[in-house]
Amino acid sequence: MSMFRILDISATGLHAQTVRLNTVASNMANVDSISSNKDEIYRSKQPVFQTILEGNLQEPTGGVRVKEIVEDQKPAKMEYNPGHPLADDKGYIYRPNVNVVEEMANMMSASRSYETNIEVMNTSKQILMRTIQLGK
Amino acid sequence: MAESIFGIHEQALRVRNERANLLANNLANADTPNFKAQDLDFRKAMQDAAGEQSPFDSQMKVTNSRHIQSEGFMSTSQYVMYRQPTQPSLDGNTVETHIEKSQFMENAMQHQATLEFLNSRITGIRGALRGE
């Protein structure tokens, strides 16, 4: 078993957290988009993580991956605003179902997890370097 | 088992490496729903490694002259256990980042200590060879 596998495992973690940060950025960027149709409005996107199973025994020790990115099924926010140029016949406009507070918390959590994986890589690197220099 | 000049430290390094892999995997999966954190029983693995029938022998045991010598491989999977969470979360994930972090650091320090032992071993043997 390779000594360098630990770096691969942490790298999968970094990638998954990057995807999560990207979806947060996308959600936040679209938070103010407005539509006159509730089916066309932007929906909050959330990544679903999955453990990578490894080897013949399918052991859950291969890191993590993003299985899919799902769209939040919460209904779009309706707002009565008949003066708005995008308002429909009944005078409503629709806003995305993005919850800014949730997204901020999500962002903090993702960046903390990212840092943790970086720390693991740094520590592992030190140990690997010392192993390589064994006996010198 | 032919006694290696590195003694038990050789096996210790392998087990430390495997344990580091498991703990890194736990930390990578800190946000995966239904992931169960795992850890390795280091004490038990080392007790077995020091014992008669070590699972870490580089070769498999031959009990008959006609048996084929084969390269064995080290497996620590029998020592892997699931961590008992102190505060289970709603999504079924049992990774508690602070615990995993501290365990990872502990393992890393002990890994370094093992490397230090090996280094002094090598220095000692080198000194003996040079007649210093």
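Sequence lines set the chain letters: A, B, ... in the order given, protein chains first and strands last, and positions in each chain run from 1. On a predicted model such as this, the values are computed, not experimentally measured, just so you know. Excluded from the calculations below are hydrogen atoms, water molecules and symmetry mates; all remaining heavy atoms, backbone and side chain alike, are included.
- Annotation: B:Phe117, atom CZ; neighbour count of heavy atoms from other residues, nucleotides and ligands within 6.0 Å does not exceed 12.
- Taking a 6.0 Å sphere around NE2 of A:His15, one finds it holds 12 or fewer heavy atoms contributed by other residues, nucleotides or ligands.
- Residues A:Ser109 and B:Asp31 come closest through the heavy atom pair OG-OD1, 4.1 Å.
- Interatomic distance, A:Ile127 CD1 to B:Asn107 CG, rounded to the nearest 0.5 Å: 7.0 Å.
- Both A:Met28 and A:Leu21 sit in one connected hydrophobic cluster of ILVMFWY residues. Membership requires side-chain heavy atoms under 4.5 Å apart, directly or through other members.
- Shortest non-hydrogen contact noted between A:Arg130 and B:Leu115 is CB-CD1, 3.7 Å.
- Going from atom CD of A:Gln126 over to atom NE2 of B:His111 covers 12.0 Å, rounded to the nearest 0.5 Å.
- Both B:Leu23 and A:Met121 are assigned to one and the same hydrophobic cluster, defined by single-linkage of ILVMFWY side chains at heavy-atom distances under 4.5 Å.
- Under the 4.5 Å side-chain contact rule for hydrophobic residues, B:Tyr79 and B:Ile8 share a cluster.
- By the neighbour-count criterion of 12 heavy atoms within 6.0 Å, atom NZ of A:Lys77 is densely surrounded, having more than that number from other residues, nucleotides or ligands.
- By the neighbour-count criterion of 12 heavy atoms within 6.0 Å, atom CD of A:Glu68 is densely surrounded, having more than that number from other residues, nucleotides or ligands.
- Under a cut-off of 6.0 angstrom, the local environment of NZ in A:Lys38 is sparse, with at most 12 non-hydrogen atoms contributed by other residues, nucleotides or ligands.
- Once rounded to the nearest 0.5 Å, the distance linking NZ of B:Lys101 with OG1 of A:Thr116 reads 4.0 Å.
- A:Val24 and A:Met104 fall within a single hydrophobic cluster, where Ile, Leu, Val, Met, Phe, Trp and Tyr are joined by side-chain heavy atoms under 4.5 Å apart, directly or via other members.
- Residue with the most contacts toward chain B among A:Ser113, A:Gly63, A:Gly13: A:Gly63 (heavy-atom pairs, distance under 4.5 Å).
- In this structure, no portion of B:Arg16 lies under 4.5 Å from any heavy atom of chain A.
- The part of A:Arg20 that comes within reach of chain B is its side chain, from C-beta onward, which places non-hydrogen atoms under 4.5 angstrom from that chain.
- Neither the backbone nor the side chain of B:Glu100 comes within less than 4.5 Å of any heavy atom of chain A.
- A:Leu134 approaches B:Ile122 most closely through the heavy-atom pair CG-CD1, 4.1 Å.
- One finds the CG atom of B:Asn29 at 8.0 Å from the CD1 atom of A:Ile52 (value rounded to the nearest 0.5 Å).
- Hydrophobic clustering (side-chain heavy atoms under 4.5 Å, transitive across Ile, Leu, Val, Met, Phe, Trp, Tyr) keeps A:Ile34 apart from A:Val31.
- Annotation: the span from A:Thr131 atom OG1 to B:Leu13 atom CG amounts to 6.5 Å, rounded to 0.5 Å.
- Within the model, atoms CG of A:Asp8 and CG of B:Asn21 stand 9.0 Å from one another, a figure rounded to the nearest 0.5 Å.
- Taking both residues in full, the closest heavy atoms of B:Phe104 and A:Ile6 are given as CE1-CD1, 3.9 Å, listed atom of the first, atom of the second, then distance.
- Listed here is the closest heavy atom pair of A:Ile9 and B:Asn25: CG2-CA, 3.5 Å.
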